[in-house]
Amino acid sequence: NFSVTDNPRVTFEENEYRQFLNAIKKSIKSGDVVRGHKVTEEFYYFVLIIVHSYLRPTDREAFALQHKDISPNDDGTINLRVVKGKTGFRQSFSTELGLEFYNNLKRTNSNNTQPNDYLFLPKMKNRTHANRTFQRIFNHVLETNDLKFNQDRQPRTTYSLRHYALQTRLNKSGGKVNIYDLARNAGTSVNQLERFYLKRM
């Protein structure tokens, strides 16, 4: 008889997420370099786009996105076509801030905004390498600002951004969010949302 123990998703508290964003800005200002890659505004907008669109920060989701997969909507949201996500094809919608962050990202990568250009680190053809590059920058910013571990000494990963996004969406909606829509949007199941997020609230 197996008992299933769910490992809690390692996420950020609201104030820690704010600290993290400020820490990225500080790293950009100081010209921090991680294994030959500067911490840039592109990384800052990567973080914001992940958090505001519930994407998985993986080779097949966030790092597979090309500009042709993004369509702006009148309400400030963007529609993201996730072609080969973990749960197959899906259309994901961002929050109302998505378009602003996407436009800022395009400004940052202004030489690489053709339909077939990748959104993040477009000059790197190897998407696994692109993913690892941002993971290292993520770790560098966390470690230099004492944010790598949560209060249970669990290490944060780039996935913690997605967990934070889902948790925040559920928290801030005060129970008003349609959990079925959110699950479909994030490419997850209602069961997962209930097990990992709603249980903590």
Side-chain angles (χ1 to χ4, degrees), residues 9-11 37 40-139 156-170 177-197:
R9 301 296 204 231
V10 183
T11 175
H37 295 279
T40 63
E41 285 199 330
E42 181 187 9
F43 177 70
Y44 182 71
Y45 292 117
F46 161 77
V47 168
L48 289 170
I49 288 170
I50 293 287
V51 167
H52 286 266
S53 61
Y54 322 107
L55 287 169
R56 290 182 178 86
T58 59
D59 304 5
R60 293 174 59 176
E61 287 204 9
F63 290 94
L65 279 179
Q66 296 168 303
H67 287 282
K68 65 183 178 195
D69 298 320
I70 308 292
S71 16
N73 301 310
D74 294 340
D75 59 359
T77 62
I78 49 175
N79 185 7
L80 306 97
R81 285 175 67 250
V82 179
V83 181
K84 289 191 296 217
K86 186 176 174 183
T87 49
F89 176 85
R90 76 173 189 276
Q91 299 270 8
S92 182
F93 289 90
S94 75
T95 70
E96 285 81 13
L97 292 168
L99 184 57
E100 182 190 326
F101 299 144
Y102 174 60
N103 285 335
N104 285 337
L105 177 77
K106 283 206 303 194
R107 207 186 53 236
T108 309
N109 287 346
S110 55
N111 298 334
N112 300 94
T113 56
Q114 294 304 306
N116 289 331
D117 286 336
Y118 290 112
L119 251 62
F120 305 116
L121 296 169
K123 293 196 177 78
M124 286 185 192
K125 288 299 159 245
N126 182 328
R127 297 284 81 197
T128 304
H129 183 50
N131 186 354
R132 282 211 196 101
T133 300
F134 270 177
Q135 280 175 6
R136 288 191 191 112
I137 291 175
F138 177 85
N139 287 330
R156 295 191 167 100
T157 66
T158 48
Y159 247 92
S160 301
L161 295 168
R162 173 177 157 92
H163 303 322
Y164 169 76
L166 290 167
Q167 164 194 304
T168 305
R169 182 76 185 90
L170 290 163
V177 68
N178 181 323
I179 191 166
Y180 294 96
D181 287 347
L182 182 61
R184 194 172 61 231
N185 203 9
T188 188
S189 65
V190 169
N191 175 335
Q192 291 276 325
L193 288 179
E194 285 173 339
R195 268 170 55 198
F196 293 110
Y197 303 101

### Task
Report the C-alpha separation of H37 and M124 in whole Å, then their side-chain angles, then the decisive distance to 0.1 Å, and conclude whether the side chain to side chain contact (heavy atoms under 4.5 Å, CB included) test is met.
CA-CA 12 Å; H37 295 279; M124 286 185 192; 3.2 Å; yes
Would the [X] and [Y] ring centres measure less than 6.0 Å apart?
X	Y	result
F63	F46	yes
F134	F43	yes
H67	Y102	yes

### Task
Could you check N103 against R107 for side chain to side chain contact (heavy atoms under 4.5 Å, CB included), going step by step and ending with a plain yes or no?
CA-CA 6 Å; N103 285 335; R107 207 186 53 236; over 6 Å; no
Minimal non-hydrogen separation, [X] against [Y], with atom names:
X	Y	result
P122	K125	O-NZ, 3.4 Å
A130	L121	O-CD1, 3.3 Å
Q192	T188	CB-OG1, 3.3 Å

Could you give the distance from [atom1] ([X]) to [atom2] ([Y]), rounded to the nearest 0.5 Å?
X	Y	atom1	atom2	answer
L105	I49	CG	CD1	4.5 Å
D69	N116	CG	CG	9.0 Å
H52	T168	NE2	OG1	9.0 Å
N112	Q66	CG	CD	12.5 Å
K68	Q114	NZ	CD	12.0 Å
I70	T113	CD1	OG1	12.5 Å

Counting only N and O atoms by type, is there a donor-acceptor contact under 3.5 Å from the side chain of [X] to the main-chain atoms of [Y]?
X	Y	answer
T77	T95	no
S160	V10	yes
R56	A62	no
S94	I78	yes

### Task
Taking atom types as modelled, find out whether N104 and E41 have a side-chain donor-acceptor pair closer than 3.5 angstrom.
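Judged by distance alone, the side chains do not pair up.
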#### Entry: Distance-only donor-acceptor check, side chains R136 and N139, under 3.5 Å
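Result is no, nothing qualifies.
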### Task
Before giving the answer on side chain to side chain contact (heavy atoms under 4.5 Å, CB included), spell out for N79 and N73 the whole-Å C-alpha distance, their side-chain angles and the decisive distance to 0.1 Å.
CA-CA 7 Å; N79 185 7; N73 301 310; 4.0 Å; yes
### Message
Ring of Y118, cation from R127 - is the NZ or CZ under 6.0 Å from the centre and inside 45° of the axis?
### Response
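Judged by the rule (NZ or CZ under 6.0 Å from the ring centre, within 45° of its axis), R127 counts as positioned above Y118.
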### Query
Looking at K84, R162, R90, which one forms a side chain to side chain donor-acceptor pair (under 3.5 Å) with E61?
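Considering K84, R162, R90, a side chain to side chain donor-acceptor pair (under 3.5 Å) with E61 is found only for R90.
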### Query
Can L55 and L65 be said to form a side chain to side chain contact (heavy atoms under 4.5 Å, CB included), step by step?
CA-CA 10 Å; L55 287 169; L65 279 179; 3.6 Å; yes
### Query
So do L161 and F138 actually touch side chain to side chain, heavy atoms under 4.5 Å?
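Side chain of F138 against side chain of L161, heavy atoms only: contact under 4.5 Å found.
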### Query
How about D181 and F93: do any of their side-chain heavy atoms sit closer than 4.5 Å?
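With C-beta onward as the side chain, the pair stays apart.
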